[in-house]
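Here's the structure, in structure tokens; my notes come after.
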Amino acid sequence: SQQGEEDPQALSIQEGENATMNCSYKTSINNLQWYRQNSGRGLVHLILIRSNEREKHSGRLRVTLDTSKKSSSLLITASRAADTASYFCATVPTGANSKLTFGKGITLSVRP
Amino acid sequence: EAQVTQNPRYLITVTGKKLTVTCSQNMNHEYMSWYRQDPGLGLRQIYYSMNVEVTDKGDVPEGYKVSRKEKRNFPLILESPSPNQTSLYFCASRGSGSYEQYFGPGTRLTVT
């Protein structure tokens, strides 16, 4: 079953702009992760935020988590053409540490 | 180099002809998983394994088998493939001390 639902489904921005992607989920979670996938290739882990954290940074990435709203956002600042990819949020449910449930993904296009 | 490898990368087969997709990781990870990715559906977990000889069903296990006889290998077996198993398949692994998953490059399977 799908746990995360990303929004928007597709996003097109100009290089240098910021990109904000949102994810909503349905059940209690242990943590939420964001992954990137370049066309047809394997996913790459970007960042993880635990249920007791509200914000986390990694380079140009900033992720927030609101457990009361069951939502997360990923912000990519100063975007580059190389950021063009699909982005997925994925959740580990509370008490089910072996499961990682993905959303359907967001397609980000960064125009040079 | 730390990596997850899958073979074959591309496979075209016919309905009912048994096939195996191999997955191997060189990071001594305990957890391994198989996912399928379909347009509009994101990634869905097929099976996962928490360690040697310990496997469990994911969200879409029907029509698939797995085994975990060695820590590094986690093959996916399709005993009697059908056209609805045409998909892009990913193997992933993670260590017991982390939730970050490492993905293989993917296997594109077509069943005619």
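Within every chain, numbering begins at 1; the chains are lettered A, B, ... in the order of the sequence lines, protein sequences first and strands thereafter.
- Across A/L32, A/N30, A/L100, a single residue satisfies side chain to side chain contact (heavy atoms under 4.5 Å, CB included) together with B/Y99, and that is A/N30.
- Cluster membership check: B/V52 does not share its hydrophobic cluster with B/M50, using side-chain heavy-atom separations under 4.5 Å among Ile, Leu, Val, Met, Phe, Trp and Tyr.
- Note that CD of B/Q37 is 4.5 Å distant from CZ of A/F88, once rounded to the nearest 0.5 Å.
- Heavy atoms closer than 4.5 Å to chain B are found nowhere in A/Q9, neither backbone nor side chain.
- Hydrophobic clustering of Ile, Leu, Val, Met, Phe, Trp and Tyr side chains at less than 4.5 Å, counting indirect connections, unites A/M21 with A/Y25.
- Contact annotation for residues 20-34 of chain B against chain A (heavy-atom separation below 4.5 Å, listed by residue number): B/Y31.
- Once rounded to the nearest 0.5 Å, the distance linking CG of B/D59 with NZ of A/K99 reads 4.0 Å.
- Cluster membership check: A/L46 does not share its hydrophobic cluster with B/V4, using side-chain heavy-atom separations under 4.5 Å among Ile, Leu, Val, Met, Phe, Trp and Tyr.
- For residues 48-66 of chain A, heavy-atom neighbours of chain B at less than 4.5 Å comprise A/L48, A/R50, sorted by residue number.
- Of the atoms belonging to B/Y35, it is side-chain heavy atoms, and not backbone ones, that fall under 4.5 Å from chain A.
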**OP:** Kindly determine whether B/R44 and A/F102 satisfy side chain to side chain contact (heavy atoms under 4.5 Å, CB included), including the steps that lead there.
**Re:** CA-CA 7 Å; B/R44 294 176 292 168; A/F102 286 84; over 6 Å; no
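- Checked by atom type, the side-chain pair A/Q33/B/Q101 shows no donor-acceptor distance below 3.5 Å.
- Of all heavy-atom pairs between A/L43 and B/F103, the closest is O-CB, 3.4 Å.
- Remark: B/T13 pairs with B/K17, B/L19, B/L109, B/V111 by the side chain to side chain contact (heavy atoms under 4.5 Å, CB included) rule, at least two apart or across chains.
- Linking Ile, Leu, Val, Met, Phe, Trp and Tyr whenever their side-chain heavy atoms come within less than 4.5 Å puts B/L11 and B/V66 in one cluster.
- Scanning residues 67-98 of chain B against chain A with a 4.5 Å heavy-atom cutoff picks out B/L88, B/F90, B/R94, ordered by number.
- With a 6.0 Å radius and a threshold of 12 heavy atoms from other residues, nucleotides or ligands, B/I12 has its CD1 atom at or below the threshold.
- Of the atoms belonging to A/I47, not a single heavy atom falls under 4.5 Å from chain B.
- With chain B as the partner, the residue from A/V92, A/V44, A/N31 showing the most heavy-atom pairs under 4.5 Å is A/N31.
- Proximity to chain A is absent for every atom of B/Q6, based on heavy atoms less than 4.5 angstrom apart.
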